[in-house]
There are 2 protein chains.
Amino acid sequence: MSATMRDIAEQLGLSVVTVSRALRNYPDISTETKKRVTDLACKMRYRPDQVARSLVTGRTHVWGLIIPDLTHAFFVEISKGVDSVAAPDNHIIIVDSEGDRKKEASEILTLLGRKIDGLIAAPVQETYAGSNFDILDEEGIPYVLVDRLLKRHTANAVVCDNIRIGQMVTEHLIGLGHRRIAHINSPGFEVSRLRQKGYQTALKSHRLPCLAEWIVSGGIDERGGYQAARRILGLQPRPTAIFAINDRAAIGAMKAILEKGLRIPEDVALVGSSNIPNADVLRVPLTSVDQRPWETGRKAAEILRNAIENRRQKNAPQQIVLQPTLIIRDSCGSELPTA
Amino acid sequence: MSATMRDIAEQLGLSVVTVSRALRNYPDISTETKKRVTDLACKMRYRPDQVARSLVTGRTHVWGLIIPDLTHAFFVEISKGVDSVAAPDNHIIIVDSEGDRKKEASEILTLLGRKIDGLIAAPVQETYAGSNFDILDEEGIPYVLVDRLLKRHTANAVVCDNIRIGQMVTEHLIGLGHRRIAHINSPGFEVSRLRQKGYQTALKSHRLPCLAEWIVSGGIDERGGYQAARRILGLQPRPTAIFAINDRAAIGAMKAILEKGLRIPEDVALVGSSNIPNADVLRVPLTSVDQRPWETGRKAAEILRNAIENRRQKNAPQQIVLQPTLIIRDSCGSELPTA
DNA sequence: CTGAAAGCGCTAACAA
DNA sequence: TTGTTAGCGCTTTCAG
């Protein structure tokens, strides 16, 4: 068993309280005593019991982080950003909501039972009234949403400018001479709705047509992107570019395009989003969008830390919107030879 | 503030103990009382305070997981495997050792302070006597090593058969007709030493030469792989195949090879290991090795759970070796036209 | 400068 | 079937 403060106190003929204060370097303990205490603590390999400490202080120095899928490098980056401010004083418990609203709800409850100091979450899209996060407001546990925003805009949040993503990608393709630009979206995700809006805005502002059949519901995974792309490639006349909601879908689309014997970008230009690892060394290096996941996590963590520190005064919720960057690679091509 | 058992007890005119037992469904509480208690608990949204519970039970239901880098999908898979048995009763705190032995040591100490029930770790390679994990033995906290093994073979561990990896890859290349096979290794990693041993064993058993200059120290990242490959490509006569210690290094090598205007696999065959995501859609689909990270995590977690449950009787440490699988894609090529 | 008393929220032993 | 007593290891408040 590990040593407790009581062990130290007894060996030194002191009270536990004195030991406690000596270890925390209180000014009202003599240097002499402090030294005796810290020396013995060191020798006995004393480590404070955080559980006991938490029970009395009401702080665990544990943060919850709920994300829908850790196999997306995007969320790993967010978690690294969070950890960059959480460490070394706080630990993070990462839980996977698997995109399931029910699971998210129950995970929030179990995290509350653990008395986490705060929570950061990429929320599962809210499809009906009533939020899983309301309970956090009720209990006064600070939280910050990342990547996705809930309908109700009263929470702390750090997101990327999704409209801008759609707009930026589309305008780039337009600038390259494309006139028939398809879009693989994922209805049900607010994020997708916004990117699509940006896409449509860009087309409109350039007075380009935006046919309904060009927008195909695919989903955020490779499989969905593959199927959606196949539908798009069957259209007459064929779109000359595809903007996929994310890189996973884009990779699915890439497979579909190449499988059909078409070339990227010569026959079909392709753009994704989230800038996955190795995007530069794919069969066709993928033009994508840096959504700043690390900064998202870092910023969210800063807001959270602040909220935890000043828990008494309820500050107005902060909403940060980060600006995305287009990462141009081969898959979008350069200017079209024939517009 | 959230409700406590005391609130329930007072409202019902019961003692806290009765409430406690009613909630945990003890047989010696009347059905009547149980119902009253659980109903009120539900109505008051009572959630047990895990911190308080831990203090008395001595169990936190928190497991530590130390890995060197979460941006390797490999370790994410391990963590998912772990979680598949940990959930829903236990939470996992993942900490990044960043491959730094000092950091690993201090992380272990802070996790101990949190009174974790057990630990799973991909240990930083031990370069000198004395292990960061000794303290766990002393404190009687069960732990399981994954992916990498420490020198001292007395701990629970789940690893992939690394010698087999080297052997399997090399024999496959030999079978394809290659006679000059280079290897990018990463000295300092036991894992690398073993894979290299497998590589050498395979060459030897086929009575093939194994020139010292064919083994180039690169490291486990892309940059190292790139530089090592450049050295290899400069050799005369040039090796016809490269076995890289892992996929990251392989990708670096791929860049180096293509940059030189050489073709993969026609001019130089390439094999990595760990089977990264999207290996099938790289510029040259990469032949790699499935090291079974998910099973590694799962198995380790099962051993850990078992050890936690039977903490009293010290069971003999278990060492599991998982068998790797070769995933053949384009980069290794098919049979060489001219042997 | 140090200690005694109280308590965080819960569970384990023993009594009634 | 329920309650009383004690205590997990620590910090906070108040006395000395």
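Contact check on Arg47(B) versus Glu139(A) returns a salt bridge, with a Lys/Arg side-chain nitrogen under 4.0 Å from an Asp/Glu carboxylate oxygen. The pair Lys80(B)-Asp69(A) meets the salt-bridge criterion, since a charged nitrogen lies less than 4.0 angstrom from a carboxylate oxygen. Residues Glu138(A) and Arg45(B) are paired through a salt bridge, judged by an N-O separation under 4.0 Å between the basic side chain and the carboxylate.
Listed nucleotides: dT11(D), dC1(C), dT2(D). Nearest to the side chain of Thr33(A): dC1(C).
Atoms CG (Leu12(A)) and C1' (dC1(C)) sit 15 Å apart, rounded to a whole Å. One can place CE of Met5(B) at 11 Å from P of dA12(C), the figure rounded to the nearest angstrom. Atom CZ of Arg6(A) is separated from atom C1' of dA6(D) by 12 Å (rounded to the nearest Å). Distance Leu14(B) CG to dT4(D) C1': 14 Å, rounded to the nearest Å.
Near-neighbour residues of DNA chain D inside residues 18-30 of chain B, defined by a heavy atom below 4.0 Å, number-ordered: Thr18(B), Arg21(B), Asp28(B), Ile29(B), Ser30(B). Listed in residue order, the members of residues 53-62 of chain B having a heavy atom less than 4.0 Å from DNA chain D are Leu55(B), Val56(B). Taking a 4.0 Å limit (strictly below) on heavy-atom distances, residues 37-51 of chain B does not reach DNA chain D anywhere.
If Val17(A) and Thr31(A) are placed on DNA chain C by their nearest nucleotide, the residue sitting closer to the 5' end is Thr31(A).
Residue-level contact check: Gly113(A) touches neither bases nor backbone, having no heavy atom under 4.0 Å from any strand.
Asp39(A) places no side-chain N or O within 3.5 Å of a backbone atom of Arg36(A) that could act as its donor or acceptor partner. No side-chain donor-acceptor contact under 3.5 Å links Arg24(B) to the backbone of Val19(B). Formation of a donor-acceptor pair under 3.5 Å by the Ser97(A) side chain with backbone atoms of Lys103(A) is not found in this model. The main-chain N or O of Ala52(A) is found under 3.5 Å from a side-chain atom of Asp49(A) such that the two form a donor-acceptor pair. The main-chain N or O of Val62(B) is never found under 3.5 Å from a side-chain atom of Asn90(B) such that the two would form a donor-acceptor pair. In this structure a side-chain-to-backbone donor-acceptor pair under 3.5 Å is present from Asn310(B) to Asn306(B).
Across the helix from dC1(C)-dG16(D) to dA16(C)-dT1(D), the helix axis at one end is tilted relative to the axis at the other end by 40° (nearest 10 degrees, each axis from five pairs).
Of the N and O atoms on the side chains of Asp7(A) and Tyr46(A), not one donor lies less than 3.5 Å from an acceptor on the other residue.
Here the NE2 atom belonging to His61(A) is positioned 7.5 Å from the CD atom belonging to Gln50(A), to the nearest 0.5 angstrom.
A search for side-chain contact (heavy atoms from CB on, under 4.5 Å) contacts involving Ala157(B) returns Leu145(B), Leu149(B), Gln319(B), not counting sequence neighbours. Under the side-chain contact (heavy atoms from CB on, under 4.5 Å) criterion, Thr18(B) pairs with Leu14(B), Ser15(B), Ile29(B), Thr33(B), not counting sequence neighbours.
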